[in-house]
Protein chains: 2
Amino acid sequence: MTKPQKIEELQHRAREVSGLLKTLSHQNRLLIACALTEGETGVSELEAETGVPQPHLSRELARLREAGLVSARRESKNVYYRLSDARLERLIEALCDAFGGRGKAAGRTRRRKTR
Amino acid sequence: MTKPQKIEELQHRAREVSGLLKTLSHQNRLLIACALTEGETGVSELEAETGVPQPHLSRELARLREAGLVSARRESKNVYYRLSDARLERLIEALCDAFGGRGKAAGRTRRRKTR
DNA sequence: TTTAATATATATCATTTATGTTAATAAACA
DNA sequence: TGTTTATTAACATAAATGATATATATTAAA
């Protein structure tokens with residue numbers, strides 16, 4: 001046997017991972033996901049940090065929710081989001097690593113959860 | 001100053017990286033890119049490894065070329081492709097890391113360039 | 001208990017872009 | 001010319017996107 005694994009399995013995994021990449025392959029969703037690696041964040045805070053207008057933000061958050069990548073928690077009037085897929089954190093850290101963005105890898109000086 | 005960097009710069013980088021992710025967020029292109037992390041590979045070899053029918057393969061290779069992620073070399077009748085963006089290698093290694101695919105991180109037992 | 005205010009979510013719609021399928025074309029060489 | 005290898009074209013369909021309007025939920029106030 002020349003192949004290291006069944007081609008179907010390879011294709012199956014490629015489909016899974018490419019689906020995840022597709023969810024992240026959008027400017028706003030990527031911004032959101034990056035912001036969330038810093039910890040749980042409220043929607044209005046996300047709006048301020050990413051500069052994404054609210055309806056867009058909300059829609060992209062919905063997509064991230066549907067993809068199972070984030071989850072939400074309501075606290076009175078506010079809704080707080082956080083990453084809910086450990087793979088995502090690793091992936092984003094790798095992205096920051098590779099592309100020199102902010103994030104833990106780059107050593108930032110910002111606090112979080114100061115509201 | 002509360003923000004660690006200008007929001008425009010953040011958005012700009014998000015757009016760049018999300019563009020790269022978009023190129024990879026397709027089952028066949030991801031398969032191709034993963035295969036190429038093993039080294040330069042001919043088209044027909046790619047076809048055998050990925051199970052992607054040849055015209056599709058060729059079209060996705062064209063897209064990867066347009067995105068500057070791969071480059072091609074012709075040798076008589078065959079065309080050999082290789083990754084041409086170092087970032088891509090790092091990214092794919094990170095993906096393999098995070099999602100437990102094949103690739104250097106997983107220690108495979110396959111030779112390359114055996115044609 | 002209506003009204004208002006704030007925060008978030010969803011809907012609508014026009015436009016663009018991606019996708020899959022299949023067919024045709026080109027390049028190299030025997 | 002014929003054969004192998006690879007690329008591009010054509011076209012229908014689906015999906016993503018952006019912009020904007022509207023709706024819902026929660027709390028406070030009248």
Side-chain angles (χ1 to χ4, degrees), chain A residues 11-12 14-33 35-36 40-82 84 113 115, chain B residues 8 11-12 14-33 35-36 40-82 84 115:
Chain A
Q11 291 174 334
H12 177 259
R15 179 190 284 205
E16 257 191 16
V17 176
S18 66
L20 173 60
L21 292 180
K22 186 165 300 182
T23 304
L24 286 182
S25 69
H26 180 279
Q27 185 177 359
N28 294 344
R29 290 193 292 273
L30 185 58
L31 278 173
I32 293 168
L36 292 183
E40 196 182 58
T41 312
V43 172
S44 46
E45 203 179 348
L46 280 176
E47 192 180 355
E49 287 181 12
T50 62
V52 176
Q54 189 272 321
H56 284 200
L57 202 55
S58 209
R59 193 177 51 163
E60 303 309 344
L61 281 168
R63 288 185 175 149
L64 290 168
R65 255 186 284 124
E66 282 157 24
L69 300 185
V70 306
S71 52
R73 170 179 72 85
R74 176 154 225 148
E75 189 179 308
S76 91
K77 277 194 286 192
N78 304 307
V79 176
Y80 297 97
Y81 279 87
R82 67 195 130 75
S84 60
K113 291 204 166 178
R115 45 173 185 265
Chain B
E8 288 82 12
Q11 291 174 334
H12 177 259
R15 177 189 285 206
E16 256 190 17
V17 177
S18 65
L20 174 61
L21 292 180
K22 187 164 300 181
T23 304
L24 286 182
S25 69
H26 180 278
Q27 185 178 357
N28 294 344
R29 290 193 294 271
L30 185 60
L31 278 172
I32 294 168
L36 293 183
E40 196 181 59
T41 311
V43 173
S44 47
E45 203 179 350
L46 280 176
E47 192 180 356
E49 287 181 13
T50 61
V52 176
Q54 192 272 321
H56 284 202
L57 205 54
S58 207
R59 194 176 51 162
E60 302 311 342
L61 281 167
R63 287 185 176 148
L64 289 168
R65 256 186 283 125
E66 282 157 23
L69 300 186
V70 306
S71 52
R73 171 178 73 83
R74 174 154 227 147
E75 189 179 309
S76 90
K77 276 196 283 193
N78 302 307
V79 177
Y80 298 97
Y81 279 87
R82 68 194 129 76
S84 60
R115 47 172 184 267

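Regarding contacts with the backbone of dA9(C), a side-chain N or O of Y81(A) is found under 4.0 angstrom from either OP1 or OP2. Here N78(B) reaches the OP1 or OP2 of dA6(D): one of its side-chain N or O atoms lies under 4.0 Å away. The side chain of S44(A) places an N or O atom within less than 4.0 Å of a non-bridging phosphate oxygen (OP1 or OP2) of dT8(C). At dT17(D), one or more side-chain N or O atoms of R29(A) fall inside 4.0 Å of OP1 or OP2 (strictly under the cut-off).
For dA7(C), its base never sits under 3.5 Å from the side chain of Q54(A) at any donor and acceptor pair. Evaluation of atom-type donor-acceptor distances gives no pair under 3.5 Å for the side chain of H26(A) against the base of dA16(D).
Of the residues near DNA chain C, R65(A) and K22(A), the one whose nearest nucleotide (by heavy atom distance) lies more toward the 5' end is R65(A). Position along DNA chain D of the nearest nucleotide to E60(A) versus K77(A) favours E60(A) as the more 5'-ward residue. Nucleotides of DNA chain D nearest to Q27(A) and R74(B) differ in position, and the one nearer the 5' end is that of R74(B).
If you check the side chains of Y81(B) and R65(B), you find a donor sitting under 3.5 Å from an acceptor.
For R59(A), taking side-chain heavy atoms from C-beta onward, the closest of the listed nucleotides dA6(D), dG18(D), dA28(C) is dG18(D). In the set dA19(D), dT8(C), dT19(C), the nucleotide with an atom closest to the side chain of V43(A) is dT8(C).
Residues K22(B) and S25(A) share a closest heavy-atom pair of CE-O, 3.1 Å.
Look at R63(A) and E66(A) and you find no salt bridge, because none of the NZ, NE, NH1 or NH2 atoms lies under 4.0 Å from a carboxylate O.
dA9(C) atom C1' lies 14 Å from atom CG of L46(A), rounded to whole Å. Computed from coordinates, the R63(B) CZ to dA18(C) C1' distance equals 7 Å when rounded to whole Å.
Put simply, the side chain of S84(B) gets close to the backbone of L69(B): a donor and an acceptor are under 3.5 Å apart.
Among the protein residues, P55(B) comes within range of the nucleic acid bases, having at least one heavy atom under 4.0 Å from a base atom. Among the protein residues, S58(A) comes within range of the nucleic acid bases, having at least one heavy atom under 4.0 Å from a base atom.
The environment of CZ in R15(A) is sparse: at most 12 heavy-atom neighbours from other residues, nucleotides or ligands sit within 6.0 Å.
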